[in-house]
Amino acid sequence: MAISISASKLFKLRLHSPIILRHLSTESNPPPPPPHQDQDQDQDSLITQALQLLQAPDYDSNSNTTTPLQELLFSSSSPSSPFIFRNITRRLSSSSEALKFFHYLQSNSTSQDILPSLSSTFQAIFELASREPDSHNKLLELYGTAKEHNVPLTINAATLLIRCLGRAGMVDQVLVVVKEVDPSLKNTHFCNVVIDVMFRLGRVDDALKVLDEMLQPDSECPPNDSTGDIIFGAMLRREWRGRSINDEEIVGLVSKFGEHDVFPDTFQLTQLITKFCRNRKTGRAWDLLHDVMKSGGVVEAASCNALLTGLGKGGDFERMNNLTTEMKEMNIQPNVVTFGILINLMCKSRRVDDALEVFKKMKEGSDGVLVEPDAIMYNTLIDGLCKVGRQEEGLSLVEQMRSQNGCAPNTVTYNCLIDGFCKSGEIERAQELFDQMNRESVFPNVITLNTLIDGMCRHGRINSAVEFLNDMQSKGVKGNAVTYAILINAFCNVNNIDKAMEFFDQMSNSGCSPDAIVYYTLISGLSQAGRMDDASSVVSKLKEVGFCLDTVCYNVLIGGFCKKNKLDKAYETLKEMEEAGVKPDSVTYNTLISYLSKTGNFTTAHRVMRKMIKEGLKPTVVTYGALIHAYCLIGKIDEGMKIFRDMGSASKVPPNTVIYNILIDSLCKNDDVEHALSLMDDMKVKGVKPNITTYNAIFKGLRDKNLLEKAFELMDRMIEQACNPDYITMEVLTEWLSAVGETGKLKKFVQGYEVSASSA
DNA sequence: TTAGGGTTAG
């Protein structure tokens with residue numbers, strides 16, 4: 001009785017089978033909604049019965065009479081639905097049991113339409129095998145069996161197979177399966193799995209080929225959000241087995257995805273933009289964001305912030321402006337980070353008042369957007385104020401901070417203020433702030449330490465700095481490479497090279513390894529002190545630990561060798577530099593040209609200059625200055641003037657104050673103060689400001705010719721320009737004017753200087 | 001959001 005009932009139910013089911021079949025061939029994840037409940041129950045009872053009969057001894061025997069199992073499964077004129085066979089198979093104990101069932105179905109079915117059922121059964125076998133040990137080999141073997149029996153894989157079976165083979169790293173087998181899958185069965189889920197597997201196996205080009213087909217406008221398998229996740233994730237991945245997706249591809253792909261209404265989420269978009277900006281590809285980042293905007297994707301402040309940061313670093317203020325305008329137009333609400341970026345940029349370019357205005361508007365919401373500042377923003381402004389010497393205003397911002405909830409001054413706040421006071425030479429106030437932060441339990445860090453040490457060193461208190469370091473070390477704040485760089489530099493500056501070397505050794509011994517800057521600092525100090533052997537040995541140490549010399553460091557060495565008259569060593573260094581692939585710059589050539597011309601080797605100096613030009617470098621004002629100076633030194637002022645005229649006209653390098661100083665000084669010393677005065681007029685015309693060196697040179701020239709009126713005129717001009725006299729000026733003028741009884745003029749000059757100093 | 005270095009002509 002059970003059988004007959006089942007047979008009739010089967011008939012009922014068969015009516016639905018075309019629909020079920022269609023589902024099978026295009027089935028994607030997630031699976032289609034479950035059938036009706038009564039159908040469910042019918043199926044369940046059929047499956048239960050089938051499973052019971054499969055335990056019976058006559059299953060798999062080739063009896064001539066119809067068995068109950070055959071009756072159940074094949075009684076009517078057509079086979080039962082593939083869905084049923086698959087569900088029976090799924091409940092078998094193993095893939096080998098399932099394979100036996102497959103063979104049973106194959107040999108017992110008389111129907112022509114059994115093929116879809118067999119495919120479906122095979123899918124279930126794959127499912128079982130995929131959960132068994134050694135699944136990839138089992139699946140591969142089963143795939144062979146299916147092919148042997150001409151049973152096409154369902155798309156889900158193919159998907160499962162590919163995923164499993166991919167996990168086992170079987171690249172070639174994956175490619176074979178992909179090639180053999182019936183193209184008409186492929187769906188988006190299948191393509192997603194293929195792409196994912198290919199990426200993981202490092203087959204980027206194969207993955208992109210599949211993706212390209214998905215992205216075609218008339219694609220049978222259009223991309224969905226999962227496709228997006230796979231691709232955008234792959235774009236951001238750091239470690240690649242194959243090649244990475246290049247920037248151009250990224251922009252193109254995001255744009256094509258957009259045509260299918262698939263977009264990176266805010267996090268992915270922001271990450272992609274950040275990645276481009278870090279590689280200085282703000283143009284691509286810009287295109288990326290705007291593609292998403294144009295095709296209607298969601299763009300939030302975070303992504304815009306990433307781009308604003310990149311544009312700011314590249315100094316592209318025009319695009320920054322455009323982007324903020326677009327944000328307004330598109331109703332993308334700026335947040336505290338957006339304002340932070342803008343305010344930071346203004347502070348860094350010393351436009352602190354502009355920054356304060358933006359800050360005020362933001363806090364009041366007077367421009368339509370009200371945002372509460374955070375500690376970072378306060379710190380940015382405080383730093384900005386301190387960097388332009390407005391520490392007191394910085395302190396009043398700290399008071400504002402205190403009055404705002406959850407915005408207490410922190411270590412960074414104090415560090416900025418301490419640096420401000422140190423830079424202005426108010427070391428005591430910096431120390432007071434240091435004491436205050438300790439009282440408030442805002443803990444100093446190594447930056448606090450270094451800021452104070454640097455301040456002390458720069459204001460002649462090296463010993464206090466060392467004492468302070470020792471004190472802090474004993475309290476647990478250890479110095480780092482920066483600390484030692486500061487101290488080494490400070491000792492080099494006061495020509496205490498031994499002490500500098502001592503600190504260098506001390507840091508290595510105390511387990512703080514020097515970084516490249518520490519090496520560069522010491523090399524420079526030694527080179528300037530003329531200790532080239534020591535400098536060379538530090539260079540060797542630097543190389544031993546794996547650092548490289550950069551252009552400036554090579555220049556320092558070349559300059560050092562020149563100073564010691566070791567031209568051969570200088571050339572050797574230049575050669576090494578070129579061989580190491582470090583391009584000499586104009587400073588390198590200028591150093592050599594200066595040395596060569598000063599030692600009278602003008603032919604070689606000009607040859608080096610030609611080489612410089614050949615290498616694509618333009619002679620600079622320093623190049624011409626070096627030559628002019630050398631010609632003047634040997635009394636060939638005409639030659640110097642010739643170069644001077646040439647640089648302004650032919651080479652289009654405008655002369656600066658130093659150039660004029662060299663010439664004016666030489667002309668005066670050469671008894672040609674008239675010509676020197678005409679050069680001073682020339683400076684006025686060209687807008688080149690004279691400095692104290694200019695005035696000292698011309699005053700000496702005027703004194704030698706006793707041209708008093710001209711001197712008075714220039715003294716007035718000095719006061720006007722707030723150019724402070726130095727001891728040379730005073731010496732020359734005092735001696736001369738006293739001798740000629742013009743002490744009144746001198747007194748007036750000193751008073752004028754005092755007035756101009758106080759007003760300045 | 002905070003700290004360090006080195007080069008050429010007077």
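Chain naming here is simple, since letters A, B, ... match the order of the sequence lines and numbering starts at 1 in each.
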Notebook entry, point to check: Just how far, in rounded Å, is P of dG6(B) from CG of Leu522(A)?
Noted result: 12 Å
Note to self: Within the 3.5 Å criterion, strictly below it, is a donor on Asn480(A) or Thr483(A) matched to an acceptor on the partner's side chain?
What the structure shows: yes
Margin query: It should be established whether Lys423(A) places a side-chain nitrogen or oxygen under 4.0 Å from OP1 or OP2 of nucleotide dG4(B).
Written below: yes
Next item on the list: Side chain of Thr380(A) only, please: which of dT1(B), dA9(B), dG6(B) is the nearest?
Entry: dT1(B)
Note to self: dA9(B), OP1 or OP2 - any side-chain N/O from Lys598(A) closer than 4.0 Å?
What the structure shows: yes
Margin query: What's Ala481(A) touching, base or sugar-phosphate or nothing? Going by heavy atoms closer than 4.0 Å.
Written below: base
Checklist line | side-chain hydrogen bond (donor to acceptor under 3.5 Å, both in side chains) partners of Tyr519(A), counting only residues at least two apart | finding: none
Check: CG/Asn410(A) to CD1/Ile376(A) distance, rounded to the nearest 0.5 angstrom?
Finding: 8.5 Å
Notebook entry, point to check: Met609(A) CE to dA9(B) P: how many Å, rounded?
Noted result: 16 Å
Note to self: By nearest atom, which of the nucleotides dA9(B), dT1(B), dT2(B) is closest to the Asn379(A) side chain?
What the structure shows: dT1(B)
Item checked: Value in whole Å for how far the P atom of dT7(B) lies from CG of Leu592(A) -> 16 Å
Note to self: Measuring from the side chain of Arg458(A) (C-beta onward, heavy atoms only), which nucleotide among dG10(B), dG4(B), dA9(B) has the closest atom?
What the structure shows: dG4(B)
Item checked: Whole-Å distance separating the CG atom of Asn590(A) from the P atom of dG6(B) -> 19 Å
Next item on the list: Report the distance from atom CG of Asp383(A) to atom P of dT2(B), rounded to the nearest whole Å.
Entry: 6 Å
Next item on the list: Report yes if a donor N or O on one partner sits less than 3.5 Å from an acceptor N or O on the other, where the partners are the side chain of Asn445(A) and the base of dA3(B); otherwise report no.
Entry: no
Next item on the list: Output the single nucleotide from dG4(B), dA9(B), dT8(B) whose closest atom is nearest the side chain of Val518(A).
Entry: dG4(B)
Note to self: If you compare every side-chain N and O of Lys348(A) against the phosphate oxygens of dT2(B) (OP1, OP2), does one of them come in below 4.0 Å?
What the structure shows: yes
Check: Between Ile628(A) (CD1) and dT8(B) (C1'), how many Å, whole number?
Finding: 14 Å
Check: Contact class for Asp665(A) (heavy atom, under 4.0 Å): base, sugar-phosphate, or nothing?
Finding: nothing
Margin query: Between Asn445(A) and Thr411(A), is there a side-chain donor-acceptor contact under 3.5 Å, judged purely by atom types and distance?
Written below: no
Notebook entry, point to check: Rounding to a whole Å, what distance do you find between Leu385(A):CG and dT1(B):C1'?
Noted result: 13 Å
Next item on the list: Name the closest nucleotide to the Lys387(A) side chain, picking from dG6(B), dT2(B), dT1(B).
Entry: dT2(B)
Note to self: Tell me every residue that passes salt bridge (charged side-chain N to carboxylate O under 4.0 Å, His left out) with Asp550(A), counting only those two or more places apart in sequence or in another chain.
What the structure shows: none
Margin query: Rounding to an integer number of Å, can you tell me how far Asn415(A) CG sits from dT2(B) C1'?
Written below: 5 Å
Next item on the list: Name all residues meeting the side-chain hydrogen bond (donor to acceptor under 3.5 Å, both in side chains) criterion together with Tyr378(A); count only those two or more places apart in sequence or in a different chain, and write none if there are none.
Entry: Gln404(A)
Item checked: Positions of residues 538-561 of chain A (non-hydrogen atom under 4.0 Å from DNA chain B), listed by number -> Asp550(A), Val552(A), Cys553(A), Asn555(A), Val556(A)
Check: Who are the side-chain hydrogen bond (donor to acceptor under 3.5 Å, both in side chains) partners of Gln400(A), not counting sequence neighbours?
Finding: Lys363(A)
Next item on the list: Would you indicate what Asp515(A) reaches in the nucleic acid, counting non-hydrogen atoms under 4.0 angstrom: base, sugar-phosphate, or nothing?
Entry: base
Margin query: Taking only side-chain N and O atoms of Lys700(A), does any of them lie within less than 4.0 angstrom of OP1 or OP2 on dG10(B)?
Written below: no
Next item on the list: Measure from the side chain of Asn661(A), starting at C-beta and using heavy atoms only, and say which of dG10(B), dT1(B), dA9(B) lies closest.
Entry: dG10(B)
Notebook entry, point to check: Hey, does the side chain of Asn691(A) come within less than 4.0 Å of dG10(B)'s phosphate (OP1/OP2), counting only N and O?
Noted result: no
Next item on the list: Compare the minimum distances between each of dG6(B), dG10(B), dA3(B) and the side chain of Val446(A), then state the nucleotide with the smallest one.
Entry: dA3(B)
Note to self: Just to verify, what does Arg351(A) make a side-chain hydrogen bond (donor to acceptor under 3.5 Å, both in side chains) with, not counting sequence neighbours?
What the structure shows: Asp354(A)
Margin query: Regarding Ile517(A), tell me which of base, sugar-phosphate or nothing describes its non-hydrogen contacts under 4.0 Å with the strands shown.
Written below: base
Check: Do the side-chain N and O atoms of Asn661(A) and Thr694(A) include a donor-acceptor pair separated by under 3.5 angstrom?
Finding: yes
Margin query: Under 4.0 Å, counting only non-hydrogen atoms across every strand here, what does Thr451(A) touch: a base, just sugar-phosphate, or nothing?
Written below: sugar-phosphate
Check: Of the nucleotides dT2(B), dT8(B), dG10(B), which one has an atom closest to the side chain of Thr591(A)?
Finding: dT8(B)
